[in-house]
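Notes for the one structure printed next.
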Amino acid sequence: QVQLVESGGGLVQAGGSLRLSCAASGRTFSPFAMGWFRQAPGKEREFVAVTMWTIVSTFYADSVKGRFAISRDNAKNTVYLQMNNLKPEDTAVYYCAAAISPTLIRQSSGYHYWGQGTQVTVSS
């Protein structure tokens with residue numbers, strides 16, 4: 001079993017920055033990919049960013065491209081999401097997720113393990 005724990009959420013003004021972290025623990029951890037998703041009130045969970053775990057490859061949603069950066073530290077089993085120039089529309093609960101095998105990396109159904117989520121609120 002794999003446990004994912006997010007941290008780093010909070011309240012920030014528009015234009016500000018936050019850095020989210022997601023630490024994995026449990027069985028020997030070697031996922032195919034680690035992703036970040038978010039869910040705003042009344043909306044479906046949406047893809048934000050993903051990084052492959054053993055090769056250098058990342059993908060982003062168009063809405064965050066150029067503002068967010070996903071990175072990983074394999075030695076610490078941790079993935080990060082640096083969020084810059086935050087906008088009120090970025091307000092959501094942010095979840096990290098692990099895909100253990102090759103999957104549709106932009107779809108939440110492709111992930112096997114999920115964290116509990118961390119709230120990000122951007123005020124205007």
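Side chains are part of it too, since the values below use all heavy atoms of this structure and drop only hydrogens, waters and symmetry mates.
Rounded to the nearest 0.5 Å, atoms OG (Ser101) and OH (Tyr111) are 11.0 Å apart. Distance CZ/Phe47 to CZ/Arg106: 4.5 Å, rounded to 0.5 Å. A distance of 6.5 Å separates CD1 of Ile100 from NE2 of His112, quoted to the nearest 0.5 Å. Summarising the geometry, atom CE belonging to Met34 is positioned 11.5 Å from atom CG belonging to Leu81; distances are rounded to the nearest 0.5 Å. Within the model, atoms CH2 of Trp36 and CD1 of Ile70 stand 8.0 Å from one another, a figure rounded to the nearest 0.5 Å. Residue Thr91 holds its OG1 atom at 7.5 Å from CD of Gln119, rounded to the nearest 0.5 Å.
Connection of Val48 to Leu18 is established within a shared hydrophobic cluster, with ILVMFWY side chains joined at heavy-atom distances below 4.5 Å, either directly or through further cluster members. Cluster annotation: Val79 is not connected to Ile55 through the hydrophobic network of ILVMFWY side chains, with a link wherever side-chain heavy atoms come within less than 4.5 Å. Hydrophobic cluster membership differs between Phe68 and Phe59, with clusters built from Ile, Leu, Val, Met, Phe, Trp and Tyr side chains linked at under 4.5 angstrom. Placement of Val93 and Tyr113 in two distinct hydrophobic clusters is found when ILVMFWY residues are connected by side-chain heavy-atom separations under 4.5 Å, directly or transitively. Val64 is connected to Leu86 through a chain of hydrophobic side-chain contacts under 4.5 Å among Ile, Leu, Val, Met, Phe, Trp and Tyr, so both are in one cluster.
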- [ ] Could you check Phe32 against Met52 for side-chain contact (heavy atoms from CB on, under 4.5 Å), going step by step and ending with a plain yes or no?
- [x] CA-CA 6 Å; Phe32 171 72; Met52 303 300 108; 4.0 Å; yes
- [ ] Test Ser108 against Gln39 for side-chain contact (heavy atoms from CB on, under 4.5 Å), laying out the working first.
- [x] CA-CA 11 Å; Ser108 59; Gln39 188 166 18; over 6 Å; no
Open item on the list: One pair to check against side-chain contact (heavy atoms from CB on, under 4.5 Å): Met83 and Leu20. What are the steps and the verdict?
Closed with: CA-CA 8 Å; Met83 305 185 294; Leu20 305 183; 3.7 Å; yes
Open item on the list: Does Phe37 form a side-chain contact (heavy atoms from CB on, under 4.5 Å) with Val50? I'd like the steps, not just the answer.
Closed with: CA-CA 9 Å; Phe37 289 76; Val50 61; over 6 Å; no
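Shortest non-hydrogen contact noted between Tyr60 and Ala69 is OH-CA, 3.3 Å. The shortest heavy-atom contact between Ala14 and Pro88 is CB-CD, 4.1 Å. When all heavy atoms are compared, the tightest approach of Ala98 to Pro31 is CB-CB, 4.5 Å. Nearest heavy atom pair, residue Ser17 against residue Gln82, reads CB-NE2, 3.9 Å. Of all heavy-atom pairs between Gly117 and Glu6, the closest is N-OE1, 2.8 Å.
No salt bridge links Asp90 with Lys87; every basic N to acidic carboxylate O contact stays at or beyond 4.0 Å.
Annotation: side chain of Lys76 is not in contact with side chain of Ser21 (no heavy-atom distance under 4.5 Å).
The closest donor-acceptor contact from the side chain of Arg19 to the backbone of Tyr80 lies at 3.5 Å or more, if one exists at all. Listed for the Asn74 side chain is a donor-acceptor partner under 3.5 Å among the backbone atoms of Trp53.
The aromatic rings of Trp114 and Tyr95 sit perpendicular, their planes meeting at an angle over 60°, well past the 30° parallel limit.
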